[in-house]
Structures are given as C-alpha cells and as structure tokens.
> 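Have a look at the structure that comes next, please.
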Amino acid sequence: MAATVGALNGVSALGAWVTEPPAVRTAAEDAPPPAPEVEAPEPPPPAFVFDAPLPGRVIDSPFGLRQLPWEERGRLHQGVDIAAPAGAPVKASADGVVKRTGVSPTYGRFVEVMHKEGMTTLYAHLKAPARGVKRGAYVRRGATVAFVGNSGRSTGSHLHFEIRKGDKPLNPAFFMGRSFADAEDMPIRAAGRVSKKVRMAVVSKWPDGVKGPTVTRAKNGRVRARIPVSEG
C-alpha cells in the first residue's frame with residue numbers, strides 16, 4: 001500500500017513539472033553588461049595667450065594714423081597708449097624671452113620681448129625695467145617686466161605698448177585678453193589693417209625737445225604748428 005502511494009505521488013510530481021512552462025530570460029538578462037564610461041579627454045591648452053600689460057586700465061590712444069598738434073601730417077601710431085601713474089608695474093603680455101632693453105630718443109626706456117611664431121611685444125616710455133629683466137632673460141606672462149614712466153618723446157605718464165609679427169605692427173586691441181588655439185587662429189591680417197582716417201591726438205603737455213612753436217589756427221578751428229623736434 002505504501003509503495004502504491006509513493007508511486008502515485010511521484011507520477012503527480014512528474015506531471016506538474018512537465019506542465020509547468022519553462023523559465024524565460026528577460027531582455028535585461030540577455031543584454032551584455034554596460035561598457036564603462038570613458039571621460040572625454042581634456043582639450044589642449046591654447047598655444048597663445050595675451051594679457052593686458054596694465055590690467056584694469058583702458059587704452060586712451062589707439063592703434064592707427066594719428067597726428068600730434070605739432071606735426072605737419074598724420075603718421076602711424078604703431079601701438080596703443082595706456083595711461084597710468086608713474087611707477088605702476090607693467091606685466092609681460094605673454095611668455096617669452098627678452099630680446100633687448102635700452103633707451104631711444106622717441107621710445108625712451110623700453111623693453112622688447114620675443115614670443116613664439118615671430119611675435120614680439122614692446123613696452124616703452126618706461127621709468128625703468130624690472131630687476132633681472134635683461135637680454136636673454138625668460139619672462140612669464142603676468143610677471144612684472146618694467147614700470148610706467150614718462151621717458152622719451154612722451155606727453156605724460158603712460159605705457160606705449162606694441163605687438164608685432166616680424167616687422168609688421170599689429171593692433172594690440174585684437175590680442176589683449178584673448179587666447180588662441182594655434183598660430184592660424186590669430187587675427188594677423190585683421191590686426192594689421194590701418195584705417196585711412198587720421199585722428200588728431202589730444203595731449204596734456206608738450207614733450208621736452210619740442211621748441212619754438214609757431215601755432216596758427218585755420219578757419220575751421222583746427223590748430224596747426226611748425227615746430228622743430230629734437231631727437232635728443
């Protein structure tokens with residue numbers, strides 16, 4: 001009797017197993033494991049970065065054709081003038097190597113720095129170069145290279161700042177406070193254009209070396225002057 005009951009139980013269990021539907025794998029179980037997230041590589045740093053040599057101060061005499069009150073006609077102002085008190089620190093606009101320092105009858109005391117791709121910056125009408133700034137010295141962007149002065153043919157305390165590509169003067173306003181991924185991104189052509197418009201400069205005082213002014217006023221009110229200018 002016991003044997004008969006056991007056999008019947010076994011047959012019932014077998015029937016239940018046969019009639020039970022087989023397990024089905026879900027799509028999530030069939031999907032491969034997710035690939036690990038790969039962070040995007042950091043973009044390379046810009047190849048060229050130009051800071052303002054006098055941060056926080058504005059250009060008061062721009063690049064372009066300019067005529068001073070004692071000049072017969074306009075001529076190219078090959079940089080920009082930034083007014084600042086004497087002794088204010090002048091910062092290197094970009095990393096580079098000092099090409100030369102010296103004194104010029106027109107520029108006064110100056111510092112010229114070489115950069116990559118034939119670019120140079122020039123800082124003029126200085127009071128003095130900073131300590132250690134001499135030919136061959138490496139300077140980092142933002143380091144003090146000189147101090148504002150009023151040397152040379154200057155009409156007041158300010159910095160005359162130039163940027164050049166080779167011998168070609170460029171408008172510094174196209175570079176200051178900007179960075180460029182590579183040399184091809186720099187606006188060399190646009191920065192080298194010179195408007196035909198001549199701007200009459202306004203000066204606070206006449207520089208040393210300008211002697212014997214003979215000033216006349218035209219009918220339109222424009223002031224003209226014939227003045228010998230000493231190169232000393």
Side-chain angles (χ1 to χ4, degrees), residues 46-68 74-85 88-102 104 106-127 129-130 133 139-199 201-203:
F48 295 87
V49 180
F50 293 91
D51 287 348
L54 287 168
R57 298 189 178 276
V58 299
I59 294 171
D60 62 359
S61 185
F63 176 90
L65 294 176
R66 181 182 74 174
Q67 183 177 353
L68 296 171
R75 57 188 172 88
L76 179 60
H77 185 221
Q78 298 182 3
V80 296
D81 290 343
I82 305 173
V90 177
K91 308 294 185 179
S93 180
D95 296 344
V97 176
V98 178
K99 181 178 181 180
R100 58 182 178 141
T101 66
S104 159
T106 53
Y107 283 127
R109 294 182 181 88
F110 68 88
V111 172
E112 187 175 12
V113 180
M114 297 185 299
H115 310 284
K116 297 182 293 185
E117 297 292 332
M119 303 290 289
T120 59
T121 54
L122 182 127
Y123 313 81
H125 300 314
L126 305 172
K127 180 178 181 180
V133 173
V139 293
R140 290 193 176 276
R141 175 171 55 92
T144 299
V145 292
F147 301 95
V148 172
N150 187 27
S151 59
R153 194 175 298 166
S154 171
T155 61
S157 176
H158 74 284
L159 172 70
H160 175 79
F161 176 59
E162 295 183 6
I163 294 182
R164 293 175 180 263
K165 169 75 171 177
D167 293 330
K168 184 178 180 63
L170 304 173
N171 187 344
F174 281 79
F175 296 88
M176 293 191 301
R178 298 184 61 188
S179 60
F180 306 94
D182 51 45
E184 287 71 26
D185 286 341
M186 291 192 293
I188 301 298
R189 181 175 295 182
R193 294 194 186 103
V194 179
S195 170
K196 293 181 180 180
K197 183 178 180 180
V198 179
R199 186 182 62 84
V202 177
V203 299

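None of the values given here were measured: they were computed from a predicted structure. Numbering of residues begins at 1 and proceeds along the displayed sequence.
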> With sequence neighbours excluded, tell me which residues meet ring pair (Phe, Tyr, Trp, His ring centres under 6.0 Å) with H77.
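In terms of ring pair (Phe, Tyr, Trp, His ring centres under 6.0 Å), with neighbours along the sequence ignored, H77 is linked to H160.
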
> If you measure from OG1 on T121 to NZ on K99, what distance do you get to the nearest 0.5 Å?
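Those atoms lie 11.0 Å apart.
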
> Measuring from atom CZ of F161 to atom OH of Y123, what distance do you get when rounded to the nearest 0.5 angstrom?
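Spacing of CZ (F161) from OH (Y123) equals 5.0 Å.
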
> Minimum heavy-atom separation for I82 to D60, with atom names?
N-OD1, 4.0 Å

> How close do P129 and V133 get, counting heavy atoms only, and between which atoms?
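Heavy-atom minimum between the residues: CB-O, 4.2 Å.
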
> Can you list everything that forms a salt bridge (charged side-chain N to carboxylate O under 4.0 Å, His left out) with R100? Sequence neighbours excluded, please.
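R100 satisfies salt bridge (charged side-chain N to carboxylate O under 4.0 Å, His left out) with E112 only.
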
> Quick one: list whatever passes side-chain contact (heavy atoms from CB on, under 4.5 Å) with R193, sequence neighbours left out.
R189, A190

> When rounded to the nearest 0.5 angstrom, what is the spacing between CD in Q67 and CZ in R199?
11.0 Å

> In chain order, what residues pass the salt bridge (charged side-chain N to carboxylate O under 4.0 Å, His left out) check against R109, with sequence neighbours excluded?
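Partners of R109 by the salt bridge (charged side-chain N to carboxylate O under 4.0 Å, His left out) criterion come out as none, since no residue qualifies.
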
> If I compare all heavy atoms of P89 with all of F147, which pair ends up nearest, and what's the gap?
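Here P89 and F147 meet closest at CA-CD2, 3.9 Å.
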
> Between the main-chain N or O of A84 and the side-chain N or O of S157, is there a donor-acceptor pair closer than 3.5 Å?
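Indeed, once roles are kept as given, a pair shorter than 3.5 Å links the two residues.
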
> To the closest 0.5 Å, what do you measure between CG (D81) and CZ (R66)?
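Between atom CG of D81 and atom CZ of R66 there are 5.0 Å.
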
> For the OG1 atom of T155 and the CG atom of N150, what is their distance to the nearest 0.5 Å?
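The CG atom of N150 is 7.5 Å from OG1 of T155, to the nearest 0.5 Å.
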
> Quick one: does H125's side chain have a donor or acceptor within less than 3.5 Å of a partner on V148's backbone?
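Checked: no pair found.
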
> For R178, which residues count as a salt bridge (charged side-chain N to carboxylate O under 4.0 Å, His left out) partner, sequence neighbours excluded?
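None.
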
> Return the set of residues passing side-chain hydrogen bond (donor to acceptor under 3.5 Å, both in side chains) with K165 (not counting sequence neighbours), or none when no residue passes.
none

> With sequence neighbours excluded, tell me which residues meet salt bridge (charged side-chain N to carboxylate O under 4.0 Å, His left out) with R75.
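In terms of salt bridge (charged side-chain N to carboxylate O under 4.0 Å, His left out), with neighbours along the sequence ignored, R75 is linked to E71.
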
> Quick one: list whatever passes side-chain contact (heavy atoms from CB on, under 4.5 Å) with V49, sequence neighbours left out.
P46, D51, R141, S179

> For residues P53 and M176, determine if any side-chain heavy atom of one lies less than 4.5 Å from a side-chain heavy atom of the other.
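Result yes, sub-4.5 Å side-chain heavy-atom pair found.
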
> Excluding sequence neighbours, so at least two apart, what forms side-chain hydrogen bond (donor to acceptor under 3.5 Å, both in side chains) with T120?
none

> Give the minimum heavy-atom separation between L65 and K196, together with the two atoms involved.
CD1-O, 3.8 Å

> Go through the structure and list residues passing ring pair (Phe, Tyr, Trp, His ring centres under 6.0 Å) with F50, not counting sequence neighbours.
F175

> Considering only heavy atoms from C-beta outward, does the side chain of L159 approach that of L126 to under 4.5 Å?
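Side chain of L159 against side chain of L126, heavy atoms only: contact under 4.5 Å found.
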
> Provide the closest heavy-atom pair for V145 versus A92 in the form atom of the first, atom of the second, distance.
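Closest pair (atom of V145, atom of A92, distance): CG1-CB, 3.7 Å.
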
> Rounded to the nearest 0.5 Å, what separation is found between the CG atom of L170 and the CD atom of Q78?
10.5 Å

> What heavy-atom pair brings P169 and L76 nearest, and what distance separates the two atoms?
CG-CD2, 4.1 Å

> What pairs with S93 under side-chain hydrogen bond (donor to acceptor under 3.5 Å, both in side chains), at least two apart in sequence or on another chain?
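Once residues adjacent in sequence are excluded, S93 has no partner under the side-chain hydrogen bond (donor to acceptor under 3.5 Å, both in side chains) criterion.
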
> Apply ring pair (Phe, Tyr, Trp, His ring centres under 6.0 Å) to F63 and list each qualifying residue two or more places apart in sequence or on a separate chain.
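In terms of ring pair (Phe, Tyr, Trp, His ring centres under 6.0 Å), with neighbours along the sequence ignored, F63 is linked to no residue.
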
> Any sub-3.5 Å donor-acceptor pair from S154's side-chain atoms to G156's backbone N or O?
yes

